[in-house]
Amino acid sequence: MKTDQSAHIAILGISDKPERFAYKAHQKLLNYGFANQTGISPKKNLNLTDIELVTSLEEVEGDIHTLTLYVGPERQQSIVDNIINLGPKRIIFNPGTENPQLMDMAKAEGIEVVQKCTLIMLDADEF
């Protein structure tokens, strides 16, 4: 099922470094028409002007369609409940972010769990 371009996409682990996959995903989402994005990073003063930035999951406003993860399982441990409480319709576990505990919790809450690369999904028209 193709995601509507007006859907709210949250990127956990957003970066302003062009070599980082989270940055590449943000840019590619924009290129594919997904302008309603929120980037989540504890780092303040990221040099990004074309995305809403917050420092924690609790600051995200509105309904999230897709949460795409760019933080590894070890960094997810302290925020697993916050991820579930965000209530996205779908969580994309990009390579290296797979977390069986979070996946099971998400499925139990009726959240779609996808283990793929956001970049590849966009190019393959599977987003």
(request) Answer yes or no: are there more than 12 heavy-atom neighbours, outside I120 itself, under 6.0 Å from its atom CD1? (result) no
(message) Ignoring hydrogens and geometry beyond distance, is a side-chain donor-acceptor pair present between N36 and H65 at under 3.5 Å?
(response) no
(request) Report the residues that fulfil salt bridge (charged side-chain N to carboxylate O under 4.0 Å, His left out) with D104, sequence neighbours left out, ordered by chain and then residue number. (result) none
(request) In plain terms, say whether E126 and K116 are close enough for a salt bridge, that is, a side-chain N and a carboxylate O under 4.0 Å apart. (result) yes
(request) Output the distance between atom CD1 (I111) and atom CG (L67), rounded to the nearest 0.5 Å. (result) 9.0 Å
(message) Side chains of H26 and I51, heavy atoms from C-beta outward: is any pair under 4.5 Å?
(response) yes
(message) For a quick test of reading the model, state the closest non-hydrogen atom pair linking I83 to P88 and the distance between them.
(response) O-CD, 3.7 Å
(message) Hydrogens and angles aside, do Q76 and Q101 bring a side-chain donor and acceptor to less than 3.5 Å of each other?
(response) no
(request) Check the pair L86 / E58 against side chain to side chain contact (heavy atoms under 4.5 Å, CB included), numbers first and verdict last. (result) CA-CA 8 Å; L86 186 63; E58 296 85 6; over 6 Å; no
(message) Taking E74's backbone N and O only, do any of them form a donor-acceptor pair with Q77's side chain (distance below 3.5 Å, no angle check)?
(response) no
(request) Supply the atom-to-atom distance K24 NZ to L29 CG, rounded to the nearest 0.5 angstrom. (result) 14.5 Å
(request) Is it possible for you to say whether L119 and L69 belong to one hydrophobic cluster, with membership spreading through side-chain heavy-atom contacts below 4.5 Å? (result) no
(message) Between T68 (side chain only) and I11 (backbone N and O only), is there a donor and an acceptor less than 3.5 Å apart?
(response) no
(message) Please determine whether residues L57 and M103 belong to a single hydrophobic cluster, defined as Ile, Leu, Val, Met, Phe, Trp and Tyr linked transitively by side-chain heavy-atom distances below 4.5 Å.
(response) yes
(request) Determine, using the 4.5 Å side-chain heavy-atom cutoff (strictly less than), whether I9 and I14 are members of one ILVMFWY cluster. (result) yes
(request) Could you check L46, L53, D16, T55 and say which one makes a side chain to side chain contact (heavy atoms under 4.5 Å, CB included) with S41? (result) L46
(message) Whether the side chain of Q37 engages the backbone of A10 through a donor-acceptor N/O pair (distance < 3.5 Å, no angle test) should be reported.
(response) no
(request) Compare every heavy atom of I92 with every heavy atom of F127, then report the nearest pair and how far apart it is. (result) CE1-CD1, 3.5 Å
(request) Determine, using the 4.5 Å side-chain heavy-atom cutoff (strictly less than), whether F21 and L12 are members of one ILVMFWY cluster. (result) no
(message) Looking at G72, is its backbone amide N or carbonyl O close enough to the side chain of N99 to form a donor-acceptor pair, meaning the two atoms are under 3.5 Å apart?
(response) no
(request) Taking all heavy atoms of V71 and all of G13, pick out the closest pair and write down the distance. (result) CG1-CA, 3.8 Å
(request) Answer yes or no: does atom CG of N45 have more than 12 heavy-atom neighbours from other residues, nucleotides or ligands under 6.0 Å? (result) no
(request) Could you tell me whether D123 and K28 make a salt bridge, using a distance below 4.0 angstrom between a side-chain N and a carboxylate O? (result) yes
(message) Using side-chain heavy atoms (C-beta onward) and a distance below 4.5 Å, is Q115 in contact with E98?
(response) yes
(message) With a 4.5 Å cut-off on side-chain heavy atoms, are L102 and I84 touching?
(response) yes
(request) For residues Y23 and L48, report the shortest heavy-atom separation together with the two atoms involved. (result) CE1-CD2, 3.7 Å
(request) Could you grab the distance from atom CD1 of I64 to atom CD1 of I91, nearest 0.5 Å is fine? (result) 11.0 Å
(request) Look at the side-chain heavy atoms of Ile, Leu, Val, Met, Phe, Trp and Tyr, link any pair under 4.5 Å apart, and say whether V114 and M105 land in one connected group. (result) no
(request) Show your working on side chain to side chain contact (heavy atoms under 4.5 Å, CB included) between F34 and T66 and close with a plain yes or no. (result) CA-CA 11 Å; F34 293 93; T66 299; over 6 Å; no
(message) Looking at E19, I want to see if its CD is surrounded by more than 12 non-hydrogen atoms of other residues, nucleotides or ligands under 6.0 Å.
(response) yes
